[in-house]
Amino acid sequence: MAVALAGEQADPRRPAPTELRPVLGFSRLSAASYGLIERVVDHDPDFRDRVAAEADEDDVGRAGWLWLTRPDGWEDEVARLADGAGPAGRGDAASARLRREREGAEAAAARHRRRAEAADEARQRAEVELAALRSAVSVADQERTVLAERVAELEEERTELVRRLKAAEADAAAARRDLRVAREATLQAEAELLARGPGAPAAPLWRLDPRLAEARESVSAAAERAADLARALGDVADALAPDVDRTDARRPRFARRPPALPAGLADDAPEAHRHLVAASGALLVVDGYNVARTTWPDLEPEEERRRTVALLEEHRARTGVPITVVFDGDSDATAPAASRSVQVRFSPTGVTADEAIAHLLAELPASQPVVVVSSDREVADDARRQGAAVLSSPDFLAALGR
């Protein structure tokens, strides 16, 4: 049995006889098991030679050694030994058998202990790894919660800023209307002053006509709201991209000149706006989302881009004016609105459309007249510093008949 077990555990493995395998794990052997072992050794010469190579005559006795090695005349010698064996000989054989059974049982117990220790070590390692995984999952859940809260905050800030931007654009449009009324009232007031003669007492013009006072208050309130919105947008921009250097994009450019207007046209007249977008020979640079959200509020960005590009393509087809539209977002990550007649550009990752427009103006030749379309105050101020004409989104849409 010891030889069979050792062969099974050897590397390379030396298989035990097939008939012997069912009893290899027994801790105690029955009489039937001993009979099975006897038959296997008796009928399997190769296995019997393996056992003989590992055995010793002192361990198995003379008769056992003869039975394993089987030299010539071994059977006669075994018979003579059997005839001479008395009760003491039988007792020695029984003691040897019991000793072998005990040793086999101890070896089996040792094997089971080793397996149990290995299993316990594996369990302990698994518990350590499980604890580490649970800790990592907990940290990931906390980070996800923090990020989700931050995203929700940014969405709320964006919604509020869009609302305020729309309100500021509406205020600006109202202020322009009030300014036109104020100009008309000013002309009337000046005429009245001239009619009174040089001796008439001086008074502020805005007191001469109630419309002037209303216009003065409206323009002042709009300017305050626009300033507040500009500061808020600047704070949010700094919070979202504090490392973006905007100074280079805001460098003044004086070489370019705005497109000239026909004689007699005021720069805020609708006819002047139509001339700038259709007949001035200037390149139109359009702040895409600014125009889109003035025209189609509450749409998805992809639909905003699609409609804006379609509108500009229609204008390009009617007038032949070159047009570049700039959207926020990386074209590799944002599905672009393809166009054959309008150049569609996306600001690089980490750069806003405002900054992209500023860089575009800085890269254009000074000889190229430019009209920038945006209601964003920073975009407009920078465009003017770089010698471009500026139209707000509502004025641009009105010039297109929208």
Side-chain angles (χ1 to χ4, degrees), residues 165-191 204-206 208-230 252-254 256-287 290-295 311-312 315 318-319 321 323 354 357-358 361 368-402:
L165 179 60
K166 291 179 181 178
E169 291 174 350
D171 290 343
R176 284 193 295 272
R177 290 194 298 270
D178 293 341
L179 184 58
R180 286 194 291 270
V181 172
R183 286 177 177 172
E184 295 174 1
T186 299
L187 293 176
Q188 294 178 4
E190 290 175 349
L205 288 179
W206 60 270
L208 299 177
D209 193 312
R211 291 176 299 174
L212 285 176
E214 294 176 0
R216 178 175 178 270
E217 294 177 358
S218 176
V219 171
S220 177
E224 291 178 0
R225 285 192 290 271
D228 291 341
L229 180 60
R253 292 285 300 274
F254 300 104
R256 182 181 292 108
R257 292 183 177 276
L261 295 175
L265 279 184
D267 57 1
D268 62 342
E271 294 80 4
H273 299 164
R274 288 194 290 271
H275 173 79
L276 288 175
V277 303
S280 65
L283 168 67
L284 282 182
V285 177
V286 180
D287 186 348
N290 190 276
V291 170
R293 286 161 187 170
T294 301
T295 315
L311 172 68
L312 298 177
H315 182 61
R318 288 202 312 267
T319 64
V321 172
I323 302 174
D354 302 356
I357 291 173
L361 294 180
Q368 171 67 64
V370 179
V371 175
V372 174
V373 177
S374 179
S375 296
D376 185 283
R377 182 175 178 179
E378 287 191 18
V379 174
D381 289 346
D382 181 83
R384 292 190 183 96
R385 281 195 295 269
Q386 298 201 54
V390 178
L391 282 182
S392 69
S393 294
D395 287 343
F396 172 70
L397 294 168
L400 267 59
R402 295 281 176 169

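Of the options Ile323, Leu312, Thr319, a side chain to side chain contact (heavy atoms under 4.5 Å, CB included) to Leu284 is made by Ile323 and by none of the others. Exactly one of Leu391, Leu283, Leu361, Val286 qualifies for a side chain to side chain contact (heavy atoms under 4.5 Å, CB included) with Val372. That residue is Leu361.
Residues Pro369 and Pro259 approach most closely at CB-CG, 4.0 Å, considering heavy atoms. Residues Val390 and Arg384 approach most closely at CG2-CG, 3.7 Å, considering heavy atoms. What you find for Arg318 and Leu400 is that their closest heavy atoms are NH2-O, 4.0 Å.
With contacts defined as side-chain heavy-atom distances shorter than 4.5 Å, the pair Val277/His315 qualifies. Val370 has its side chain out of reach of Gln386: every pair of non-hydrogen atoms, C-beta onward, lies at least 4.5 Å apart. Put simply, the side chain of Asp382 does not reach to within 4.5 Å of the side chain of Asp354, judged on heavy atoms. A 4.5 Å side-chain heavy-atom check between Thr294 and Phe396 finds every atom pair outside the cut-off.
Residues passing the side chain to side chain donor-acceptor pair (under 3.5 Å) test with Ser375: none are found, sequence neighbours excluded. Taking the side chain to side chain donor-acceptor pair (under 3.5 Å) definition, one finds that Arg274 meets it with nothing, sequence neighbours left out. By the side chain to side chain donor-acceptor pair (under 3.5 Å) test, Ser393 is found to be paired with Asn290, residues two or more places apart in sequence or in another chain being considered.
To the nearest 0.5 Å, atoms CG (Leu265) and NE2 (His275) are separated by 8.0 Å. Note that CG of Leu261 is 5.0 Å distant from CG of Leu276, once rounded to the nearest 0.5 Å.
Of the possible polar contacts, one joining the Arg256 side chain to the Gln368 backbone as a donor-acceptor pair under 3.5 Å is found. Panel note: side chain His273, backbone Leu397; no donor-acceptor pair is recorded below 3.5 Å.
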